[in-house]
Amino acid sequence: MIAADTDARAQWLAGPSRRKFLGRLLGERILLPRPEDAAAYSYTAADRAAIDEQFAGAIAGGPDTVREQLTALLDSTGADELMLTTQVYDHTDRCRSYELITELAR
């Protein structure tokens, strides 16, 4: 789960975890890359398809998008509690993500 001030920013922040997943798929052992490095990687169509399949259920977006996706998740599962993790490169971005999510829960 990645919340950011905008959908575009959240997608940018999600890039490193997607690149790390692809690295594992390709047998590479890499640390979580910087967003700039993840964005600069030359993804093939097959890479993008694998990433899209793996992250189809991942939640990433601005506050409105995250609220919609969380509501859909809760409605479809009937869960009354969620445990969230946010895998982003920068600690400040991770803290901001949790701040936004906390605001949505109020």
Side-chain angles (χ1 to χ4, degrees):
M1 145 114 11
I2 298 173
D5 293 312
T6 66
D7 287 351
R9 176 75 177 163
Q11 294 305 317
W12 171 257
L13 295 174
S17 59
R18 293 172 178 164
R19 172 62 183 100
K20 185 169 173 76
F21 161 76
L22 180 62
R24 284 193 311 258
L25 192 64
L26 299 173
E28 302 169 349
R29 296 182 57 108
I30 62 171
L31 297 175
L32 190 67
R34 296 178 316 135
E36 297 82 3
D37 296 333
Y41 185 81
S42 295
Y43 296 94
T44 66
D47 294 342
R48 293 219 182 268
I51 290 168
D52 289 348
E53 182 178 340
Q54 177 67 26
F55 289 88
I59 296 174
D64 292 338
T65 299
V66 168
R67 181 183 294 108
E68 269 180 36
Q69 292 176 343
L70 282 176
T71 299
L73 176 64
L74 292 171
D75 289 347
S76 70
T77 63
D80 60 2
E81 180 178 58
L82 298 172
M83 293 190 319
L84 309 173
T85 61
T86 299
Q87 186 177 7
V88 296
Y89 183 80
D90 186 78
H91 182 72
T92 303
D93 290 321
R94 186 175 310 114
C95 290
R96 179 65 180 145
S97 180
Y98 289 135
E99 287 172 1
L100 290 168
I101 294 163
T102 300
E103 290 171 11
L104 292 174
R106 293 183 182 165

Between [Y] and [X], is there a side-chain heavy-atom distance shorter than 4.5 Å?
X: Leu13; Y: Asp90; answer: no
X: Tyr98; Y: Met1; answer: no
X: Leu82; Y: Leu74; answer: yes
X: Asp93; Y: Arg9; answer: yes

Which atom of [X] lies closest to which atom of [Y], heavy atoms considered:
X: Phe55; Y: Ser17; result: CZ-O, 3.7 Å
X: Gly62; Y: Ala10; result: N-CB, 4.5 Å
X: Pro33; Y: Pro16; result: O-CB, 3.1 Å
X: Ala4; Y: Pro63; result: O-CD, 3.3 Å

When rounded to the nearest 0.5 angstrom, what distance separates [atom1] in [X] from [atom2] in [Y]?
X: Tyr89; Y: Lys20; atom1: OH; atom2: NZ; result: 12.5 Å
X: Phe21; Y: Leu26; atom1: CZ; atom2: CG; result: 9.0 Å
X: Arg96; Y: Asp5; atom1: CZ; atom2: CG; result: 4.5 Å
X: His91; Y: Thr86; atom1: NE2; atom2: OG1; result: 11.5 Å

*asked:* If hydrophobic clusters are built from ILVMFWY residues whose side chains come within less than 4.5 Å, do Ile2 and Ile101 share one?
replied: no
*Within one Ile-Leu-Val-Met-Phe-Trp-Tyr cluster: Ile30 and Leu25, side-chain cutoff 4.5 Å*: no
*asked:* Apply side chain to side chain contact (heavy atoms under 4.5 Å, CB included) to residues Ile59 and Leu84 and explain how you reach the verdict.
replied: CA-CA 10 Å; Ile59 296 174; Leu84 309 173; over 6 Å; no
*Asp47 side chain to Thr44 main-chain N or O, any donor-acceptor pair under 3.5 Å?*
yes
*asked:* Tell me which pairs pass side-chain hydrogen bond (donor to acceptor under 3.5 Å, both in side chains) where either residue lies in residues 55-78, with sequence neighbours left out.
replied: Asp7-Thr65, Asp64-Arg67
*Who are the side chain to side chain donor-acceptor pair (under 3.5 Å) partners of Arg34, not counting sequence neighbours?*
Asp37
*Above 12 or not: heavy atoms from other molecules or residues under 6.0 Å from CD of Glu53?*
no
